[in-house]
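Comments concern the structure below.
Read the numbers this way: they start at 1 and go in the same order the structure lists the ligands and their atoms.
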Amino acid sequence: MKGCIQIIMRLAARLLCVLCVLSGSSFFAAALDREAFTITKYDLDVRLEPEQQRLGARGKITLRNDSQQPQKTVALQISSSLNWRAIRAGDKPLQFVAQPFTSDIDHTGGLSEAIVTLPAEIKPKDSVELEIGYEGVISLDMTRLTRVGVPEEIARHTSWDQIGRSFTAVRGAGYVAWYPITTEAADFSEGNSLFEVTDRWRAREASSEFKAKLQMSGENTERPFSVICTPSESRLTSTEVTNGGNCSWQQLGNVAPTFAMARYVSESKSPISFFSLPGHESGAKTYLDAFVPASIFVSNWFGKPTIPVAIADFADPRAAPFESGTLLLVSMAAADTKLAGVNLVHELVHSVIASPRPWVYEGLAHFGEALYREQQGGREAALDVLGLHSAAFIDLEKDAADPRLNVPGQPLVTSFDETYYRTKAAYVWWMLRDMVGADALQQAIHNYRAADDTDPKYVERLIETASKRDLGWFFDDWVYHDRGLPDIRVQSAHPWQDANSKTEKQTQIVTVTLENLGLTGAEVPFTVRCEASDVTQRLEVRAKSTATTRVEVPCIPLEIVVNDGSVPESDVRNNVFKIIDEHQGSQK
Ligand SMILES: [Zn+2]
């Protein structure tokens with residue numbers, strides 16, 4: 001019944017929107033290319049009034065026509081809970097039609113769209129600067145989740161964005177359009193539509209410049225609010241900057257500009273600033289205590305952390321953590337030591353390495369988490385960290401490899417899909433570590449310079465130079481193309497006793513042939529198991545190929561297990577191979 005009402009409500013909302021498009025602006029509906037323009041520069045002044053949950057913004061944006069055609073109109077979109085007040089070019093007010101636009105890219109499930117008639121036609125690659133003004137409220141809104149059937153209790157802790165009287169946290173595009181965007185409609189219920197539209201938007205804005213000055217208005221008799229957006233060291237030491245903050249990026253990369261505002265207790269352990277809420281002292285202490293070991297680990301592996309990073313607390317202890325660039329929002333209400341350590345390592349890796357490439361920036365941070373767990377709990381603990389979110393990624397890769405689905409793969413090197421640049425990238429860095437060793441990979445990471453990372457093959461060359469190994473095939477399969485995952489099995493295993501062996505009688509040699517059924521190659525570990533001990537070796541098996549090697553074992557081999565979980569595979573059901581008794585002791 002509940003689902004039924006939701007569907008009806010949803011249809012009604014859609015119908016309303018369609019009607020208004022038809023009656024209000026049918027002229028634009030046919031011709032409008034909503035993604036023709038990319039906003040290349042934002043310069044906004046944002047006033048926040050927590051008592052009224054209000055946001056008011058004024059400023060300038062620069063739009064570039066990235067389409068092939070000249071454009072006379074542009075569709076500017078903000079959250080449906082905000083309203084357009086003014087749009088001008090130079091000192092001339094521009095005509096615009098404001099209309100609701102259904103899209104799940106915003107937490108309200110809708111956008112306020114202004115269809116603006118530009119003063120002149122903008123040619124492809126040309127830009128235009130507009131002055132804009134908009135205002136409204138940003139309150140807790142779970143619409144886009146609840147209308148596809150997510151229970152309210154879960155939606156509340158996921159869709160937590162709001163300007164609140166005592167606590168504010170608002171994420172950028174993909175969550176709340178608190179600054180203008182230009183996108184096609186995104187739909188949660190239609191496969192990957194929401195993610196595709198959001199990823200496309202992030203990719204288009206990756207080299208855009210973003211500047212927003214946030215200022216809280218209203219009297220402050222109590223302890224002042226801290227406004228946190230882009231972490232900066234200087235802001236913490238200066239008292240005049242409370243009640244205000246800066247969101248500033250030369251290049252957005254994969255950042256969704258996010259701000260938080262509360263009466264935080266702040267503590268700095270350079271380069272990390274910790275912002276905790278009163279009452280969460282013990283959790284905050286857990287983070288502070290985890291800082292030194294995490295910092296030593298990251299300094300040894302990746303280099304010295306220097307870029308300012310902030311970790312800020314949530315008022316809702318069950319709020320889903322969120323990270324954007326160098327700001328991590330995570331509840332400190334009951335912080336777990338292990339989790340605090342891993343989170344700190346992640347943020348400290350960001351503090352060492354800036355990169356315009358999401359797979360390098362986030363991939364290395366997640367890889368760092370796994371390395372840290374390996375140091376504490378061994379290889380298995382590390383593989384657990386890598387595998388934590390692997391299900392979604394493996395599903396996407398299965399689709400990419402299935403020719404019947406015709407799903408285009410996503411090369412990691414240019415992907416703006418979180419599943420790829422976080423989960424897949426972490427595996428790729430881990431496999432590289434296993435292949436070339438820690439020393440060579442560390443050397444390559446130390447030599448990495450964001451400014452030099454302009455050629456897609458830059459990272460490959462750094463690691464090849466450090467390891468003196470040809471990795472072209474690996475980067476081709478895992479980074480430059482996306483052809484799904486490997487599927488490796490033992491094709492055959494023949495144990496035999498070396499007649500010339502001068503070693504103990506028990507020593508056996510096993511000739512192992514591995515077969516890769518997938519379109520992506522890998523160097524995979526495999527273990528020959530005996531009753532008393534195991535021997536693990538590694539073997540490179542290219543796509544749609546076999547590879548053979550010999551393994552010496554000190555006892556009678558019983559089975560072979562291929563892949564310990566460090567190589568993501570499309571099918572792991574064929575990874576155990578039982579060695580048949582009749583082969584035992586036979587001579588080759
Ligand atoms: Zn990160």
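One finds the CG atom of Leu111 at 11.5 Å from the CG atom of Leu76 (value rounded to the nearest 0.5 Å).
Residue side and main chain included, His366 places no N/O/S atom under 2.8 Å of the Zn ion (ligand 1).
The only member of Trp301, Tyr421, Tyr372, Tyr427 that meets ring pair (Phe, Tyr, Trp, His ring centres under 6.0 Å) when paired with Phe367 is Trp301.
The cationic atom of Arg171 (NZ for Lys, CZ for Arg) lies less than 6.0 Å from the six-membered ring centre of Trp160 and within 45° of the ring axis.
With contacts defined as side-chain heavy-atom distances shorter than 4.5 Å, the pair Tyr175/Arg144 qualifies.
Per residue Glu362, closest N, O or S atom to the Zn ion (ligand 1): atom name OE1. Between the Zn ion (ligand 1) and the N, O or S atoms of Glu323, the shortest distance is to OE2.
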